[in-house]
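First listed ligand is number 1; within each ligand, the first listed atom is number 1. Position 1 is the first residue of the sequence; numbering continues from there.
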Amino acid sequence: MKTVKTLMAATAIATLGTSAALAEKWDMPMAYAATNFHSEVGAEFAKCVTDGTDGALEIVTHPSGSLFSGNEIKRAVQTGQANIGERLISAHQNENPLYGVDSIPFLVSSFDEHEKLWSIAGPKVAAALDADNLHYLYSVPWPPQGLYMNKEINSVEDLKGVKFRSYSTATARMAELTGMLPVQVEAAELSQALATGVAESFISSGATGYDRKVWEHLSHFYEVDAWLPRNIVFVNNDAWNGLDDATKAVMNDCAAAAKADGLQRSKDYTQFTLDGLKEGGMTVQRAGDTLVEELQAIGETMTNEWLESAGEDGKAIVDEYKSM
Ligand code: PCA
């Protein structure tokens with residue numbers, strides 16, 4: 001009897017030892033609040049992979065920039081400090097103009113148009129990421145972008161000298177061209193920037209204003225539908241190549257579900273959050289004709305600048321999109 005017990009214990013330890021050696025834990029840094037739909041979709045994706053591999057690959061999400069801040073995530077995953085992460089890709093347009101393809105002003109202004117553009121641009125962005133040692137897994141758009149202000153605005157003249165929170169190359173450039181004063185701030189620090197007066201306006205979705213309860217500081221949201229930027233989930237290439245085929249298949253299936261679910265949630269969250277801003281006491285309305293026309297003229301300048309920097313590849317994307 002004693003021998004059998006000893007044998008059983010030895011087997012149990014050996015089994016434990018094997019699964020512990022095989023099990024891997026991947027940290028997944030994310031920049032936005034845990035309650036934001038991107039973060040929720042990421043958490044479901046992580047659970048899907050963990051369950052689908054019976055715990056052999058456990059993915060643990062770290063929202064709110066708690067592991068790496070938004071502007072550190074891409075580099076952290078490229079260099080293998082984290083194996084997987086999510087990042088707003090247009091924040092990296094300065095590294096490669098293709099990363100700003102989703103932020104060309106007024107090229108697309110609805111989810112359907114945006115998805116059409118992404119069907120052309122997505123593979124090219126994935127190739128650019130691959131050159132940065134990143135494997136593209138899935139991505140989800142933010143709702144259309146509008147202007148948050150602490151006063152009524154009717155024209156670009158009203159924007160002059162306003163301190164403006166930017167989140168990307170395009171948002172900073174738009175601020176410059178409208179005479180505002182851009183300061184780059186991650187969404188996780190947005191409430192603080194507004195509370196301390198570091199920023200007094202910004203461009204973003206209803207989602208981010210709602211998540212950050214910006215009615216505590218600002219009074220107006222102007223729907224402009226300037227563009228729909230995208231968050232991309234990517235994996236370090238070496239980590240990806242180290243996975244066996246079965247694990248890659250689980251990751252791909254979970255990524256496909258996350259992409260579809262994320263898009264639907266982004267759409268659903270659009271009206272919900274605009275209503276939420278109103279309930280918070282903000283005036284939510286479409287921007288007036290003068291402001292829209294002036295912003296469109298600035299958008300044309302930015303489009304030309306983007307086309308110039310993105311060369312043949314960029315022009316091919318825009319031409320193909322327009323011919324669809
Ligand atoms: N929210 C993100 C990016 C775009 C958006 O709608 C932000 O403001 O940081």
- Query: Has Glu186 got any heavy atom lying under 4.0 angstrom from an atom of ligand 1?
  - Reply: no
- Item | N-O pairing of Glu186 and Arg212 below 4.0 Å | no
- Message: Check this for me - ligand 1, Tyr32, N or O atoms closer than 3.5 angstrom, yes or no?
- Response: yes
- Applying the ring pair (Phe, Tyr, Trp, His ring centres under 6.0 Å) test to Trp142, which of Tyr167, Tyr32, Trp227 qualifies? Tyr32
- Parallel, tilted or perpendicular: which fits the ring planes of Tyr210 and Trp215, with parallel below 30° and perpendicular above 60°? tilted
- Message: Tell me the protein heavy atom at minimum distance from atom 5 (C) of ligand 1, and give that distance in Å.
- Response: Ser204 OG, 3.1 Å
- Note on the structure: protein heavy-atom neighbour closest to atom 6 (O) of ligand 1 works out as Ser205 OG, 2.6 Å
- Note on the structure: shortest atom 9 (O) of ligand 1-to-protein heavy-atom contact is with Arg165 NH2, 2.8 Å
- Hey, which atoms in ligand 1 end up nearer than 4.0 Å to a heavy atom of Thr208? 1 (N), 2 (C), 5 (C), 6 (O), 7 (C), 8 (O)
- Carboxylate-amine/guanidinium proximity below 4.0 Å for Glu223 and Arg286: yes
- Can you label the angle between the Phe221 ring and the Tyr148 ring as parallel, tilted or perpendicular, going by 30° and 60°? tilted
- Query: Between Glu58 and Lys47, does at least one N-O distance fall below 4.0 Å, as a salt bridge requires?
  - Reply: no
- Query: Any Lys/Arg nitrogen of Lys74 or Glu95 sitting under 4.0 Å from an Asp/Glu carboxylate oxygen of the other?
  - Reply: yes
- Query: Of all the atoms in ligand 1, which lie at a distance below 4.0 Å from a heavy atom belonging to Pro229?
  - Reply: 4 (C)
- Mark up the atoms of ligand 1 that fall under 4.0 Å of a heavy atom belonging to Ala187, in ascending order. 9 (O)
- Message: Using a 4.0 Å cut-off to any heavy atom of Leu88, which atoms of ligand 1 qualify?
- Response: 3 (C)
